[in-house]
Amino acid sequence: MANFEVESSWFERERANLFEKYPNQFALIRGEKLIATFPTFQDSYQAGIDEFKEESFFIKQILKEDIVQKIPALFLGLTSAHI
């Protein structure tokens, strides 16, 4: 399994526990380990770069559930509409 799949699966298993402890923070994850949490994406990204250099790492905001954004134009096929 690629790192992304391992880290994403781990996050989903731990989501409720993480949300209880670190609501709305950004988690820096490597493998199946929480490295740290940060108040902003930028802080978590910089910490990941500092710690892991060019190696992969995973950042995810700790929300109770993911926010799904829908773009009606994509669902209705309007991106190629001619007016």
Side-chain angles (χ1 to χ4, degrees):
M1 220 184 306
N3 283 347
F4 174 80
E5 293 167 340
V6 170
E7 293 155 343
S8 180
S9 294
W10 180 86
F11 179 85
E12 289 306 323
R13 287 192 310 273
E14 296 297 323
R15 182 191 290 266
N17 295 329
L18 292 169
F19 184 75
E20 189 175 305
K21 294 177 186 175
Y22 314 105
N24 304 315
Q25 294 280 309
F26 289 83
L28 174 59
I29 300 167
R30 179 77 188 257
E32 292 188 333
K33 181 179 178 187
L34 176 66
I35 304 303
T37 62
F38 301 88
T40 68
F41 175 84
Q42 291 80 6
D43 292 341
S44 60
Y45 181 75
Q46 188 60 56
I49 294 294
D50 293 345
E51 177 76 20
F52 302 113
K53 311 291 184 245
E54 294 179 14
E55 297 177 27
S56 66
F57 53 89
F58 184 82
I59 298 171
K60 179 89 171 172
Q61 188 173 20
I62 305 169
L63 302 172
K64 192 168 193 166
E65 58 186 47
D66 288 337
I67 298 169
V68 177
Q69 296 183 357
K70 295 182 180 178
I71 304 170
L74 293 177
F75 293 106
L76 298 174
L78 300 177
T79 56
S80 61
H82 298 283
I83 299 176

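The structure displayed is predicted, hence computed values, not measured ones.
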Identify the heavy atoms of [X] and [Y] that sit nearest to each other, and give their distance.
{"X": "F38", "Y": "A47", "value": "CZ-CB, 3.3 Å"}
{"X": "K53", "Y": "D50", "value": "NZ-O, 2.7 Å"}
{"X": "N3", "Y": "S56", "value": "ND2-OG, 3.1 Å"}
{"X": "I62", "Y": "L18", "value": "CG2-C, 3.6 Å"}
{"X": "E32", "Y": "R13", "value": "OE2-NH2, 2.9 Å"}

So, the side chain of S44 versus the backbone of F41: is there a donor-acceptor pair under 3.5 Å, distance only? yes

- Query: Is it true that a side-chain atom of Q61 and a backbone atom of F26 form a donor plus acceptor pair closer than 3.5 Å?
  - Reply: no

- Do other residues, nucleotides or ligands put more than 12 heavy atoms under 6.0 Å from the OH atom of Y45? no

To the nearest 0.5 angstrom, please state how far the [atom1] atom of [X] sits from the [atom2] atom of [Y].
{"X": "I35", "Y": "F52", "atom1": "CD1", "atom2": "CZ", "result": "4.0 Å"}
{"X": "F11", "Y": "I59", "atom1": "CZ", "atom2": "CD1", "result": "12.0 Å"}
{"X": "S9", "Y": "E14", "atom1": "OG", "atom2": "CD", "result": "11.5 Å"}
{"X": "K60", "Y": "L28", "atom1": "NZ", "atom2": "CG", "result": "14.5 Å"}
{"X": "K33", "Y": "E7", "atom1": "NZ", "atom2": "CD", "result": "12.5 Å"}
{"X": "T37", "Y": "I29", "atom1": "OG1", "atom2": "CD1", "result": "10.5 Å"}

Side-chain heavy-atom pair [X], [Y] within 4.5 angstrom cut-off:
{"X": "D66", "Y": "R15", "answer": "yes"}
{"X": "Q25", "Y": "D43", "answer": "no"}
{"X": "L34", "Y": "Y22", "answer": "yes"}

Sorted by chain and number, sequence neighbours left out, side chain to side chain donor-acceptor pair (under 3.5 Å) with R30 holds for E55

